[in-house]
Amino acid sequence: MADPAILNWRRLGPALTSSGQPSEAQLAEIAALRVSEIINLGPHAHVQALPDEASSVAALGMRYTYIPVDFAAPTESDYAAFAAAMGEAQAAGRAVHVHCIVNARVSAFFYRYRRDAIGEAAARAELESVWQPAGVWATFIGDAPVEGTDHRYRGRDY
């Protein structure tokens, strides 16, 4: 089966994918890829979020982990929860899909998580295939603070 056509879809490994917000139908496509866990970093209150994603995911037989990350203020506790969820899923051998609204939060979190495992250059290339964070997100990933908050997204602005 081909990868779903979801905003900013990325395949990071045979059992690891990420994207922007999937629709109900796209959740089913993700499940068909034998993904067994969804981790959502986007807030349920966002206009593009699904009305009850946890129930939709459960109905498809997948586990659901919700870590709502405030885009204006990502925290170390958000990152710790993400790292713990990823560690648990990987230790159990589960295929994981991680999403937020446009894959900006997720790509920054994965950058931090993977840079130690796969190295700075490869992790940076994956991050910048989606965006180049500025402001609080530059600080969050360990870059020097950047003046302003104008992020550069690959392909379009959000």
Colleague: If you compare all heavy atoms of Q90 against all heavy atoms of L16, which two are closest, and at what distance to 0.1 Å?
Modeller: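 That would be NE2-CD2, 4.4 Å.
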Colleague: Could you tell me which non-hydrogen atom of P43 sits nearest to which non-hydrogen atom of A49, and how far apart they are?
Modeller: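 Here P43 and A49 meet closest at O-CB, 3.6 Å.
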Colleague: For S18 and N103, which heavy atoms make the closest approach, and how far apart are they?
Modeller: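 Scanning both residues, the minimum pair turns out to be OG-ND2, 3.1 Å.
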Colleague: Give me the atom names and distance for the closest heavy-atom approach of V35 to A95.
Modeller: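 Between these two residues, the closest heavy atoms are CG1-O, 3.6 Å.
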Colleague: Under the side-chain hydrogen bond (donor to acceptor under 3.5 Å, both in side chains) test, which residues partner S36, sequence neighbours left out?
Modeller: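 Applying side-chain hydrogen bond (donor to acceptor under 3.5 Å, both in side chains) to S36 gives none.
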Colleague: Are L12 and T17 close enough that some pair of their side-chain heavy atoms sits under 4.5 Å apart?
Modeller: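 No; the side chains remain at least 4.5 Å from each other.
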Colleague: In chain order, what residues pass the side chain to side chain contact (heavy atoms under 4.5 Å, CB included) check against T75, with sequence neighbours excluded?
Modeller: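 Listed in chain order: S77, D78.
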Colleague: Can you name the closest pair of heavy atoms from N40 and C100 and give their distance?
Modeller: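 That would be OD1-CA, 4.2 Å.
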Colleague: Below 4.5 Å, heavy atoms only, C-beta onward: do P133 and L127 meet side chain to side chain?
Modeller: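 Yes, close enough: below the 4.5 Å cut-off.
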Colleague: Under 4.5 Å between any side-chain heavy atoms of N8 and S19, yes or no?
Modeller: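 The answer is no, as the side chains (C-beta and beyond) never meet within the 4.5 Å cut-off.
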Colleague: What pairs meet the ring pair (Phe, Tyr, Trp, His ring centres under 6.0 Å) rule with one or both residues in residues 11-42, with sequence neighbours excluded?
Modeller: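 Not a single pair qualifies under ring pair (Phe, Tyr, Trp, His ring centres under 6.0 Å).
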Colleague: How would you list, by chain and number, every residue that makes a salt bridge (Lys or Arg N to Asp or Glu O under 4.0 Å) with R63, sequence neighbours excluded?
Modeller: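 Here the qualifying residues are E37, E88.
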Colleague: Quick one: do V96 and I39 satisfy side-chain contact (heavy atoms from CB on, under 4.5 Å)? Show the steps, please.
Modeller: CA-CA 7 Å; V96 179; I39 299 174; 3.9 Å; yes
Colleague: Apply side-chain hydrogen bond (donor to acceptor under 3.5 Å, both in side chains) to S23 and list each qualifying residue two or more places apart in sequence or on a separate chain.
Modeller: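 Residues passing side-chain hydrogen bond (donor to acceptor under 3.5 Å, both in side chains) with S23: Q26.
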Colleague: Report the residues that fulfil salt bridge (Lys or Arg N to Asp or Glu O under 4.0 Å) with D70, sequence neighbours left out, ordered by chain and then residue number.
Modeller: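 Salt bridge (Lys or Arg N to Asp or Glu O under 4.0 Å) list for D70, sorted by chain: empty.
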Colleague: List for me each residue that meets salt bridge (Lys or Arg N to Asp or Glu O under 4.0 Å) alongside R124, sequence neighbours excluded, and say none if there are none.
Modeller: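 Salt bridge (Lys or Arg N to Asp or Glu O under 4.0 Å) list for R124, sorted by chain: E120, E128, D143.
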Colleague: Please, which pairs that meet ring pair (Phe, Tyr, Trp, His ring centres under 6.0 Å) have at least one residue in residues 6-55, sequence neighbours excluded?
Modeller: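 Sorted result for residues 6-55: W9-H97, H44-Y66.
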Colleague: If you define the side chain from C-beta out and look only at heavy atoms, does anything of L7 sit under 4.5 Å from V102?
Modeller: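 Yes; the side chains approach each other to less than 4.5 Å.
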Colleague: Going by an N to O cut-off under 4.0 Å, is there a salt bridge joining E126 and R10?
Modeller: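 A salt bridge is absent here (no side-chain N lies under 4.0 Å from a carboxylate O).
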Colleague: Counting only heavy atoms from other residues, nucleotides and ligands, does the tally under 6.0 Å from CZ of R11 exceed 12?
Modeller: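 Buried by this count: over 12 neighbours within 6.0 Å.
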Colleague: Restricting to ring-ring contact (aromatic ring centres under 6.0 Å, His included), what partner residues turn up for F82, sequence neighbours left out?
Modeller: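 Here the qualifying residues are F109, F110, Y113.
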Colleague: For A125, what residues pass the side chain to side chain contact (heavy atoms under 4.5 Å, CB included) criterion, not counting sequence neighbours?
Modeller: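 By the side chain to side chain contact (heavy atoms under 4.5 Å, CB included) rule, A125 matches no residue at all.
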Colleague: With a 4.5 Å heavy-atom cut-off, do L41 and H99 have their side chains touching?
Modeller: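 A side-chain contact is absent here, since even the closest heavy-atom pair is not under 4.5 Å.
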Colleague: Report yes if some heavy atom in the side chain of Y79 is under 4.5 Å from a heavy atom in the side chain of P74; otherwise report no.
Modeller: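 With C-beta onward as the side chain, the pair stays apart.
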Colleague: Measure the shortest side-chain to side-chain distance between L33 and D3 over non-hydrogen atoms and say whether it is less than 4.5 angstrom.
Modeller: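 When only atoms from C-beta onward are counted, D3 and L33 do touch, with a gap below 4.5 Å.
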Colleague: Residues two or more places apart in sequence or in another chain: which of them pass side-chain hydrogen bond (donor to acceptor under 3.5 Å, both in side chains) with Q21?
Modeller: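 So Q21 forms a side-chain hydrogen bond (donor to acceptor under 3.5 Å, both in side chains) with E53.
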Colleague: Closer than 3.5 angstrom, by distance alone: can the side chain of W137 be matched with the main-chain N or O of Q132 as a donor-acceptor pair?
Modeller: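 Not at all, since once roles are kept as given, no pair shorter than 3.5 Å links the two residues.
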Colleague: With sequence neighbours excluded, what pairs up with A31 under the side chain to side chain contact (heavy atoms under 4.5 Å, CB included) test?
Modeller: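 Counting only residues at least two positions away or on another chain, A31 forms a side chain to side chain contact (heavy atoms under 4.5 Å, CB included) with L60, M62.
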Colleague: Closest heavy-atom contact between A144 and A138?
Modeller: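 Reported closest heavy-atom pair: O-CB, 4.0 Å.
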